[in-house]
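Nothing here was measured: the structure is a model prediction, and the numbers come from that model. For the single chain, residues carry numbers from 1 onward in sequence order.
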Amino acid sequence: MLKRVKGPLFVFLSAILYGSYGVWAVLLGSDFGVFYQGWVRALLVLAIIVPICFLAGKWTPMKWSDFKYFGWCLGFLVFSQAPIYYAFQNAGIGITSLIFFGSYVVAAYIVGLLLLGEKMNSAKIVSLILALVGLYLTFSGTL
């Protein structure tokens with residue numbers, strides 16, 4: 001029973017945490033305290049995840065061949081923090097979350113196809129089309 005529930009539970013928890021990011025950014029306002037700084041958040045996440053990985057026996061070192069993929073992800077992350085914070089402050093949580101998620105899906109598929117050789121299946125194609133349609137509907141009247 002626990003094995004069947006564990007996956008969906010983790011997806012649900014990550015969605016809650018992902019969705020609450022905009023709320024926390026708006027509540028933060030223009031005050032850039034210590035908890036908004038990326039290194040503090042990263043340390044808090046590591047303090048939670050590393051012990052879990054060790055206790056579960058799932059810790060594996062990163063291979064040198066994976067560093068280029070890690071670099072791509074880190075590069076996109078670094079250049080997305082300021083724009084998304086500005087958007088949450090000025091455009092609202094709902095529309096910013098929708099645009100960020102739709103853009104993230106499109107960018108992830110493009111990077112996956114071009115850089116990682118990922119294959120598209122029907123679920124991925126439907127997801128990509130929905131993201132593109134959502135972005136078009138969001139921006140078609142304002143661009």
Side-chain angles (χ1 to χ4, degrees), residues 1-30 32 35-143:
M1 171 72 177
L2 182 62
K3 287 185 179 185
R4 286 188 352 193
V5 176
K6 189 167 55 169
L9 179 64
F10 286 146
V11 170
F12 176 73
L13 289 174
S14 67
I16 294 293
L17 294 173
Y18 176 84
S20 69
Y21 181 76
V23 175
W24 295 114
V26 169
L27 290 174
L28 181 68
S30 60
F32 285 92
F35 288 108
Y36 192 76
Q37 296 178 8
W39 66 272
V40 174
R41 287 193 321 254
L43 283 177
L44 290 173
V45 169
L46 281 174
I48 295 168
I49 291 178
V50 169
I52 292 172
C53 288
F54 274 118
L55 291 173
K58 301 290 184 180
W59 184 267
T60 57
M62 207 164 130
K63 299 175 196 155
W64 280 105
S65 61
D66 292 335
F67 274 95
K68 64 181 174 183
Y69 305 121
F70 182 72
W72 276 101
C73 292
L74 188 59
F76 283 111
L77 175 68
V78 166
F79 292 110
S80 70
Q81 287 297 305
I84 195 163
Y85 174 79
Y86 182 79
F88 277 130
Q89 293 300 318
N90 296 293
I93 295 171
I95 193 69
T96 301
S97 295
L98 172 70
I99 293 167
F100 180 70
F101 181 73
S103 302
Y104 179 81
V105 168
V106 172
Y109 285 134
I110 291 171
V111 169
L113 282 169
L114 298 179
L115 300 177
L116 306 176
E118 187 172 323
K119 305 293 183 216
M120 296 292 282
N121 61 25
S122 59
K124 291 177 184 179
I125 292 170
V126 169
S127 174
L128 180 60
I129 290 169
L130 287 174
L132 289 170
V133 168
L135 289 172
Y136 173 76
L137 291 174
T138 302
F139 287 119
S140 63
T142 59
L143 282 182

Checklist outcome for this item: Output for pair (Leu128 CG, Ile110 CD1), nearest 0.5 Å, gives 7.5 Å
Item to check | Which atom of Thr96 lies closest to which atom of Ala91, heavy atoms considered | outcome: OG1-CB, 3.6 Å
Checklist entry - Are more than 12 heavy atoms from other residues, nucleotides or ligands located less than 6.0 Å from atom CZ of Phe67? => result yes
Checklist outcome for this item: CH2 (Trp59) and CD1 (Ile49) are apart, to the nearest 0.5 Å, by 9.5 Å
Would you be so kind as to tabulate the donor-acceptor pairs closer than 3.5 Å made by side chains of residues 111-122, with sequence neighbours excluded?
residue, atom, partner, partner atom, Å
Glu118, OE2, Lys124, NZ, 2.7
Asn121, OD1, Ala123, N, 3.2
Asn121, OD1, Lys124, N, 2.9

Checklist entry - Between the side chain of Asp66 and the main-chain N/O of Met62, is any donor-acceptor distance below 3.5 Å? => result no
